[in-house]
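Letters go in sequence order (proteins before strands), and every chain restarts at 1. Values below: every heavy atom of this structure, side chains too, minus hydrogens, waters and symmetry copies.
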Amino acid sequence: AQSVTQLDSQVPVFEEAPVELRCNYSSSVSVYLFWYVQYPNQGLQLLLKYLSGSTLVKGINGFEAEFNKSQTSFHLRKPSVHISDTAEYFCAVRAPSGYSTLTFGKGTMLLVSP
Amino acid sequence: GAGVSQSPSNKVTEKGKDVELRCDPISGHTALYWYRQSLGQGLEFLIYFQGNSAPDKSGLPSDRFSAERTGGSVSTLTIQRTQQEDSAVYLCASSLAPGGNEKLFFGSGTQLSVL
(Lines give C-alpha, C1' and ligand atoms only; values in the text may rest on other atoms or scores of the structure.)
Protein backbone atom coordinates (compact mmCIF):
# COMPACT_ATOMS: atom_id res chain seq x y z
CA ALA A 1 0.00 0.00 0.00
CA GLN A 2 1.05 3.56 -0.60
CA SER A 3 0.51 6.74 1.36
CA VAL A 4 1.12 10.42 0.70
CA THR A 5 1.88 13.20 3.14
CA GLN A 6 1.46 16.85 2.30
CA LEU A 7 2.80 18.65 5.32
CA ASP A 8 1.35 22.07 4.59
CA SER A 9 -2.42 22.48 4.52
CA GLN A 10 -2.07 26.11 3.41
CA VAL A 11 0.73 28.09 1.81
CA PRO A 12 0.24 31.86 1.57
CA VAL A 13 2.55 33.66 -0.85
CA PHE A 14 2.77 37.01 -2.59
CA GLU A 15 2.43 37.33 -6.33
CA GLU A 16 5.69 36.86 -8.27
CA ALA A 17 7.34 35.08 -5.33
CA PRO A 18 8.66 31.52 -5.69
CA VAL A 19 6.80 28.67 -4.08
CA GLU A 20 7.43 25.07 -3.09
CA LEU A 21 4.66 22.67 -2.09
CA ARG A 22 5.99 19.65 -0.27
CA CYS A 23 5.01 16.04 -0.85
CA ASN A 24 6.43 12.90 0.70
CA TYR A 25 5.28 9.38 -0.03
CA SER A 26 5.62 5.92 1.43
CA SER A 27 5.62 2.74 -0.62
CA SER A 28 7.14 -0.72 -0.55
CA VAL A 29 7.31 -0.76 -4.37
CA SER A 30 8.33 1.70 -7.01
CA VAL A 31 5.63 4.21 -7.84
CA TYR A 32 4.35 6.72 -10.30
CA LEU A 33 3.88 10.21 -8.87
CA PHE A 34 1.38 12.90 -9.82
CA TRP A 35 0.34 16.42 -8.95
CA TYR A 36 -3.27 17.39 -9.57
CA VAL A 37 -4.69 20.91 -9.21
CA GLN A 38 -8.21 21.97 -8.31
CA TYR A 39 -9.08 25.57 -9.17
CA PRO A 40 -12.04 27.13 -7.33
CA ASN A 41 -15.33 25.59 -8.46
CA GLN A 42 -13.60 23.33 -10.97
CA GLY A 43 -12.73 19.65 -11.17
CA LEU A 44 -9.25 18.29 -10.57
CA GLN A 45 -6.86 18.32 -13.49
CA LEU A 46 -3.46 16.78 -13.98
CA LEU A 47 -0.58 19.23 -13.50
CA LEU A 48 2.33 16.86 -14.09
CA LYS A 49 3.49 13.31 -13.54
CA TYR A 50 6.67 11.33 -12.99
CA LEU A 51 6.80 7.85 -14.49
CA SER A 52 10.50 7.21 -15.09
CA GLY A 53 13.62 8.81 -16.52
CA SER A 54 14.60 12.38 -15.70
CA THR A 55 13.77 13.19 -12.11
CA LEU A 56 12.80 16.77 -12.99
CA VAL A 57 9.43 16.94 -14.67
CA LYS A 58 7.74 19.98 -16.11
CA GLY A 59 4.01 20.52 -16.14
CA ILE A 60 1.46 23.04 -17.23
CA ASN A 61 1.41 26.69 -16.13
CA GLY A 62 5.15 26.83 -15.39
CA PHE A 63 5.14 24.27 -12.57
CA GLU A 64 7.81 21.63 -12.15
CA ALA A 65 8.49 18.87 -9.67
CA GLU A 66 11.53 16.85 -8.73
CA PHE A 67 11.47 13.20 -7.78
CA ASN A 68 13.92 12.34 -5.02
CA LYS A 69 13.99 8.61 -4.39
CA SER A 70 16.30 8.71 -1.38
CA GLN A 71 14.09 11.25 0.38
CA THR A 72 10.85 9.75 -1.01
CA SER A 73 9.77 13.23 -2.01
CA PHE A 74 8.12 14.86 -5.01
CA HIS A 75 8.01 18.58 -4.23
CA LEU A 76 6.23 20.97 -6.57
CA ARG A 77 7.83 24.29 -7.44
CA LYS A 78 7.18 27.44 -9.40
CA PRO A 79 9.72 30.28 -9.63
CA SER A 80 7.13 33.06 -9.84
CA VAL A 81 3.46 32.62 -8.98
CA HIS A 82 0.43 34.47 -10.29
CA ILE A 83 -2.88 35.28 -8.65
CA SER A 84 -4.44 32.71 -10.97
CA ASP A 85 -2.36 29.96 -9.35
CA THR A 86 -4.57 30.17 -6.28
CA ALA A 87 -5.94 26.65 -6.01
CA GLU A 88 -5.69 23.43 -4.06
CA TYR A 89 -2.86 21.12 -5.07
CA PHE A 90 -2.93 17.38 -4.51
CA CYS A 91 0.01 15.02 -4.64
CA ALA A 92 -0.83 11.44 -5.58
CA VAL A 93 0.95 8.11 -5.92
CA ARG A 94 0.17 4.92 -7.76
CA ALA A 95 1.90 1.58 -8.23
CA PRO A 96 2.89 1.04 -11.88
CA SER A 97 1.74 -2.52 -12.42
CA GLY A 98 -1.72 -3.36 -13.69
CA TYR A 99 -4.58 -1.86 -11.77
CA SER A 100 -3.74 0.11 -8.65
CA THR A 101 -5.52 2.76 -6.66
CA LEU A 102 -4.44 6.37 -7.09
CA THR A 103 -3.79 7.49 -3.52
CA PHE A 104 -3.99 11.21 -2.79
CA GLY A 105 -2.56 13.42 -0.10
CA LYS A 106 -4.81 15.76 1.86
CA GLY A 107 -4.01 18.70 -0.35
CA THR A 108 -2.26 22.04 0.01
CA MET A 109 -4.17 25.26 -0.54
CA LEU A 110 -1.96 27.81 -2.32
CA LEU A 111 -3.14 31.34 -1.60
CA VAL A 112 -1.54 33.98 -3.81
CA SER A 113 -2.11 37.59 -2.85
CA PRO A 114 -1.11 40.83 -4.62
CA GLY B 1 -19.31 13.95 -23.99
CA ALA B 2 -16.41 16.34 -23.73
CA GLY B 3 -15.72 15.63 -20.08
CA VAL B 4 -16.88 13.66 -17.05
CA SER B 5 -20.36 14.75 -16.10
CA GLN B 6 -21.83 14.38 -12.63
CA SER B 7 -25.35 15.03 -11.43
CA PRO B 8 -26.76 16.56 -9.41
CA SER B 9 -24.14 19.21 -8.70
CA ASN B 10 -25.68 19.80 -5.29
CA LYS B 11 -27.88 17.54 -3.18
CA VAL B 12 -29.41 18.39 0.19
CA THR B 13 -31.11 15.54 1.99
CA GLU B 14 -32.41 14.65 5.41
CA LYS B 15 -30.70 12.16 7.63
CA GLY B 16 -32.00 8.65 6.99
CA LYS B 17 -32.97 9.23 3.37
CA ASP B 18 -31.38 7.41 0.41
CA VAL B 19 -29.53 9.33 -2.32
CA GLU B 20 -28.28 8.45 -5.79
CA LEU B 21 -25.37 10.21 -7.43
CA ARG B 22 -24.74 9.83 -11.13
CA CYS B 23 -21.54 9.84 -13.16
CA ASP B 24 -21.29 9.90 -16.94
CA PRO B 25 -17.65 9.24 -17.92
CA ILE B 26 -15.85 10.28 -21.05
CA SER B 27 -16.95 8.15 -23.97
CA GLY B 28 -14.62 5.20 -24.51
CA HIS B 29 -13.08 5.32 -21.04
CA THR B 30 -13.17 1.84 -19.57
CA ALA B 31 -12.02 2.69 -16.06
CA LEU B 32 -14.21 4.66 -13.66
CA TYR B 33 -13.46 5.75 -10.09
CA TRP B 34 -15.42 7.27 -7.24
CA TYR B 35 -13.70 9.41 -4.64
CA ARG B 36 -15.00 11.38 -1.67
CA GLN B 37 -13.56 14.78 -0.76
CA SER B 38 -14.13 16.01 2.76
CA LEU B 39 -12.84 19.22 4.27
CA GLY B 40 -9.30 18.67 5.48
CA GLN B 41 -9.34 15.00 4.50
CA GLY B 42 -8.23 15.15 0.90
CA LEU B 43 -9.55 12.63 -1.57
CA GLU B 44 -10.66 9.27 -0.22
CA PHE B 45 -10.93 6.40 -2.70
CA LEU B 46 -14.29 4.63 -2.68
CA ILE B 47 -14.59 2.21 -5.61
CA TYR B 48 -13.16 1.41 -9.01
CA PHE B 49 -14.88 -0.06 -12.08
CA GLN B 50 -13.29 -1.71 -15.06
CA GLY B 51 -16.09 -2.05 -17.58
CA ASN B 52 -19.16 -3.12 -15.61
CA SER B 53 -17.31 -4.98 -12.89
CA ALA B 54 -15.89 -3.53 -9.69
CA PRO B 55 -12.60 -5.27 -8.90
CA ASP B 56 -11.83 -2.86 -6.08
CA LYS B 57 -14.55 -1.89 -3.60
CA SER B 58 -12.12 -1.56 -0.73
CA GLY B 59 -12.82 2.11 -0.10
CA LEU B 60 -16.55 1.90 0.51
CA PRO B 61 -16.91 3.03 4.14
CA SER B 62 -19.91 0.89 5.05
CA ASP B 63 -22.57 -1.39 3.60
CA ARG B 64 -24.81 1.67 3.22
CA PHE B 65 -22.70 2.57 0.20
CA SER B 66 -23.04 0.76 -3.10
CA ALA B 67 -22.33 1.49 -6.73
CA GLU B 68 -23.08 0.01 -10.09
CA ARG B 69 -22.09 0.64 -13.65
CA THR B 70 -24.17 -0.41 -16.60
CA GLY B 71 -23.22 -0.75 -20.24
CA GLY B 72 -19.63 0.09 -19.37
CA SER B 73 -20.66 3.72 -19.17
CA VAL B 74 -22.84 5.50 -16.62
CA SER B 75 -22.28 4.77 -12.95
CA THR B 76 -24.54 5.37 -9.96
CA LEU B 77 -23.33 5.68 -6.38
CA THR B 78 -26.09 5.00 -3.87
CA ILE B 79 -25.97 5.92 -0.21
CA GLN B 80 -28.71 4.40 1.91
CA ARG B 81 -29.95 5.82 5.22
CA THR B 82 -27.68 8.84 4.93
CA GLN B 83 -25.86 10.13 7.99
CA GLN B 84 -24.45 13.59 8.64
CA GLU B 85 -20.91 12.26 8.31
CA ASP B 86 -21.71 11.36 4.70
CA SER B 87 -21.71 15.09 3.86
CA ALA B 88 -18.88 15.65 1.37
CA VAL B 89 -18.13 16.24 -2.29
CA TYR B 90 -18.36 13.00 -4.25
CA LEU B 91 -16.03 12.99 -7.23
CA CYS B 92 -16.08 10.70 -10.22
CA ALA B 93 -13.15 10.18 -12.54
CA SER B 94 -12.53 8.12 -15.63
CA SER B 95 -9.51 6.99 -17.60
CA LEU B 96 -8.99 5.33 -20.94
CA ALA B 97 -7.54 2.23 -19.30
CA PRO B 98 -6.72 1.14 -15.76
CA GLY B 99 -2.95 1.29 -16.05
CA GLY B 100 -0.80 3.01 -13.47
CA ASN B 101 0.33 5.78 -15.81
CA GLU B 102 -3.14 6.64 -17.06
CA LYS B 103 -4.35 10.18 -16.56
CA LEU B 104 -7.58 10.50 -14.63
CA PHE B 105 -10.20 12.98 -15.81
CA PHE B 106 -12.39 14.27 -13.00
CA GLY B 107 -15.93 15.58 -12.94
CA SER B 108 -16.87 18.68 -10.96
CA GLY B 109 -18.42 16.56 -8.23
CA THR B 110 -21.68 16.35 -6.32
CA GLN B 111 -21.83 18.35 -3.10
CA LEU B 112 -23.89 16.24 -0.69
CA SER B 113 -25.26 17.86 2.45
CA VAL B 114 -27.06 15.68 4.98
CA LEU B 115 -29.12 17.69 7.45
_Output field: ring centroids A/Y36/B/F106 closer than 6.0 Å_ = yes

*Closest heavy-atom contact between B/S108 and A/G43?*
OG-N, 4.1 Å

_Interchain contact, A/Q6 with chain B, by part (heavy-atom threshold 4.5 Å)_ = neither

*Is A/V57 reachable from A/Y32 through a run of I, L, V, M, F, W or Y residues, each pair having side-chain heavy atoms under 4.5 Å apart?*
no

*Same hydrophobic cluster for B/F49 and B/F65, using side-chain heavy-atom links shorter than 4.5 Å among ILVMFWY?*
yes

*For the pair A/L102 and B/Y35, evaluate side chain to side chain contact (heavy atoms under 4.5 Å, CB included) and give the outcome as yes or no after the intermediate values.*
CA-CA 10 Å; A/L102 184 63; B/Y35 283 84; 3.3 Å; yes

_If you count heavy atoms of other groups shown closer than 6.0 angstrom to CD of B/E14, is the number above 12?_
no

*Check whether B/Q37 gets within reach of chain A through its side chain, its backbone, both or neither, counting any heavy atom under 4.5 Å.*
side chain

*Do you reckon A/F34 sits in the same ILVMFWY cluster as B/F45, going by side-chain contacts under 4.5 Å, direct or chained?*
yes

*Are A/F67 and A/F90 co-members of a hydrophobic cluster defined by side-chain heavy atoms under 4.5 Å apart?*
no

_Heavy-atom contact with chain A under 4.5 Å, split by part of B/L91_ = side chain

*Which bit of A/L44 comes within less than 4.5 Å of chain B, counting heavy atoms only: side chain, backbone, both or neither?*
both

*asked:* Using 0.5 Å steps for rounding, measure from the CG atom of B/L104 to the CZ atom of A/R94.
replied: 5.5 Å

*asked:* Check for me, please, whether B/V114 and B/W34 land in the same ILVMFWY cluster - side-chain distances under 4.5 Å, paths through other members count.
replied: yes

*Options A/T103, A/L51, A/T101, ranked by heavy-atom pairs under 4.5 Å with chain B, top entry*: A/T101

*Please indicate whether B/L115 has more than 12 foreign heavy atoms, meaning atoms of other residues, nucleotides or ligands, lying under 6.0 Å from its CG.*
yes

